[in-house]
Amino acid sequence: MIELAGIIILGILAQWVAWKLKIPAILPLILIGLLVGPIAATYFSEDGTKWIEPVWNGEKGLFPGESLYYFVSLAISIILFEGGLTLKRSEIKNVGPVITKLITLGSAITFFGAGILAHYIFDLGWDLSFLFAGLIIVTGPTVITPILRNIPLKRDISTVLKWEGILIDPIGALVAVLVFEFISVGGGGGFTKTALIEFGKILLFGTTFGFTFAHALAYAINKKLIPHYLLNVVSLSTVLLVFVESEVFAHESGLLAVVVMGMVLGNGKLKNLKELLYFKESLSVLLISILFILLAANINMNDLMLLYTWKTATLFAIIVFVIRPLAVFASTMNSKLKLNEKLFISWVGPRGIVAAGIASLFGSKLLKEGVEGAEYITPLVFMIVLGTVLLNATTARLFAKMVGVFLKSSDAILFVGASNPSRLIAGYLRDKGKRIVLIDSNKYFIEQALEEDLEAIIMDIYDDNLTDNIELNDVGYLIAISGSDAVNNHAIMNFSKDFGEHGAYKIASSVEAKNATDEQRKTFFTPNDDFINLSEAFRESPVIHEVSINSKEEYQNAIKLLGKEEKSIPLFIEKGDDILLIAEFEKLGLEMKDLVLSYLGKEMDFQEK
């Protein structure tokens, strides 16, 4: 009981430490597992026992006999199902040729390159060599995001790394599953006609069960045949049912079935998909926390000693410093990416949770089957995972500065609220050469923004995942101009530190617009107007006008006239290449010459006195 409770407590503690230090969670999880497992047995326990013993002498420990294998299988099935839910066909189409090549051509180069290396360096059979290679093509957002979260990069670089991690996770898992199943049906005696038939059965039953149950579950959810309070647990039980039933009909087809099921549900018209994703994400965090401490603790020192050789260093170095760059440069050929950007993408390629989890599962299966060389699979993959995560977590920021992709100034602007006036203002700034990102929980507003060729994300401002979006690393201004005072205040209070490096501003509430002090007005988007005034000005004339200013008197006269006219609102001062809010401009106290004042709404004649 103490050991089981200890695993859960240590697992969640490792997740918290990872969040606090902004490092991938897999790093503290595996290190804790190794500490309470083989390291404790070797250096701290007088009788050579582990502090946490998943399996001991086959029949003892927390998971005696086949129990650990069954737990790992079911846990990996749930994790892979969540991965399948996040894979969208539309995303693959829209991410661009570079990312498409990275997850196809790049993965193929890694697969064949690492397979050949493992065969010749460790003398593994071709089947195990390519199983190892199939496992290490998987990266994943859980390892990429923490590493890049605090490195301001150009959007193109962040986008490539983010989407490579998201898309390669389920695709790489599927490749690894298929390679393992192809090896399993080969039976060590070559790929005979019988083996190919068995492999065909795995593909047939895996895809059939996944596809059928996905549609059945989607139908039941959309038709409200499942009460809301049972939605998540019914979905979970259905995933387990699909995995087990598929295994019964075709051994080793269960993982394929749950990946297919997740992909079908993720791309279907499921009304409660977001809620389902939140539940599966929380469950996956718990399972991953338990799983990787268990798997690392289950490794023996003898397994680790297999890696204590020059062969390990050679394999790691060639995979990281030769194969990864080769895959990246081949995939980015003829792209708009510069040499230094390609070098940085080549440097950042940490392997993730799915790779380590599936490696442990497949390694234990092959060991039970007595496959020669199977003892290398789990430690080799763990070595690649730990090595790449440690390397990238400690050097990515420094390397970004060395190759010149580290942005010295973050000048992109994040707009909270994508209403009609917000989109008009965002479009105006975009045409001036600024990078603008709009977020809103209103799906219609976001769709309109995308149609207007604006960068927009459907996002709830109360969602903490906003700060995890590595594509917002170059944001230095936060402007909250939604129609909700609560949303605007929450954005300023909670995200000014992350996104308001150069300034955080919000539209005033009606009370604030009337009663604010001069000091408070320095934080307002416009000097004296609330969202109602902004909307009225937009209705009067959805155009942003410009007027030249060449003296302090002209500036004061223009601001005074716009202040009297309720349907015209001053927005920005443009001086050279700089575009400043009124409050920002007045703070700086710049010379009032060769300025352009922009305003929204009714066109004014500033020659009037």
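Note that the numbering runs from 1 along the sequence shown for the chain. Because the structure is predicted, anything quoted here is derived from the model rather than measured.
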To the nearest 0.5 Å, tell me how far [X] [atom1] sits from [Y] [atom2].
| X | Y | atom1 | atom2 | answer |
| --- | --- | --- | --- | --- |
| Thr395 | Asn392 | OG1 | CG | 5.5 Å |
| Leu128 | Asp123 | CG | CG | 12.5 Å |
| Thr238 | Leu217 | OG1 | CG | 5.0 Å |
| Met261 | Phe81 | CE | CZ | 5.0 Å |
| Leu74 | Leu240 | CG | CG | 6.0 Å |
| Thr110 | Leu102 | OG1 | CG | 9.0 Å |

Inset, instruction - Mark yes when over 12 heavy atoms from residues, nucleotides or ligands other than Lys311 sit less than 6.0 Å from its NZ; otherwise mark no. - result: yes
Legend entry - Whether over 12 other heavy atoms sit under 6.0 Å from Phe249 CZ: no
Inset, instruction - Have a look at His119 and tell me which of Trp126, Phe132, Phe112 forms a ring-ring contact (aromatic ring centres under 6.0 Å, His included) with it. - result: Trp126
Short side-chain to backbone donor-acceptor contact, [X] and [Y], under 3.5 Å:
| X | Y | answer |
| --- | --- | --- |
| Glu245 | Val242 | no |
| Ser246 | Phe243 | no |
| Glu455 | Val437 | no |
| Asp474 | Pro152 | no |

Contact check, side chains of [X] and [Y], non-hydrogen atoms, under 4.5 Å:
| X | Y | answer |
| --- | --- | --- |
| Leu29 | Leu10 | no |
| Pro350 | Val348 | yes |
| Leu380 | Leu315 | yes |
| Ile290 | Leu286 | yes |
| Leu386 | Leu34 | yes |

Which atom of [X] lies closest to which atom of [Y], heavy atoms considered:
| X | Y | value |
| --- | --- | --- |
| Ile319 | Leu117 | CG1-CD1, 4.0 Å |
| Arg351 | Thr388 | N-OG1, 3.1 Å |
| Leu153 | Val405 | CD2-O, 3.6 Å |
| Ala327 | Gly106 | CB-O, 3.6 Å |
| Ile323 | Ala114 | CD1-N, 3.6 Å |
| Ser335 | Thr332 | OG-O, 2.6 Å |

Inset, instruction - Begin from the C-alpha positions of Ser289 and Ile8 and carry the test side-chain contact (heavy atoms from CB on, under 4.5 Å) through to its verdict. - result: CA-CA 7 Å; Ser289 302; Ile8 297 173; over 6 Å; no
Inset, instruction - Return the orientation label for the Phe399 and Phe344 ring planes: parallel under 30°, perpendicular over 60°, tilted otherwise. - result: parallel
Inset, instruction - Could you label the plane-to-plane angle of the Phe205 and Phe209 rings as parallel, tilted or perpendicular, counting under 30° as parallel and over 60° as perpendicular? - result: tilted
Inset, instruction - Given side-chain contact (heavy atoms from CB on, under 4.5 Å), test Leu337 with Ile345 step by step and report yes or no. - result: CA-CA 10 Å; Leu337 292 172; Ile345 294 170; 3.9 Å; yes
Inset, instruction - Inspect the contact between Arg324 and Glu164 and indicate whether a charged nitrogen and a carboxylate oxygen are less than 4.0 angstrom apart. - result: yes
Legend entry - Check: Phe122 ring centroid to Trp310 ring centroid under 6.0 Å: no
Legend entry - Derivation and outcome, side-chain contact (heavy atoms from CB on, under 4.5 Å), residues Leu265 and His215: CA-CA 7 Å; Leu265 281 172; His215 283 284; over 6 Å; no
Legend entry - Evaluation steps, side-chain contact (heavy atoms from CB on, under 4.5 Å), between Leu343 and Trp347: CA-CA 6 Å; Leu343 285 171; Trp347 186 261; over 6 Å; no
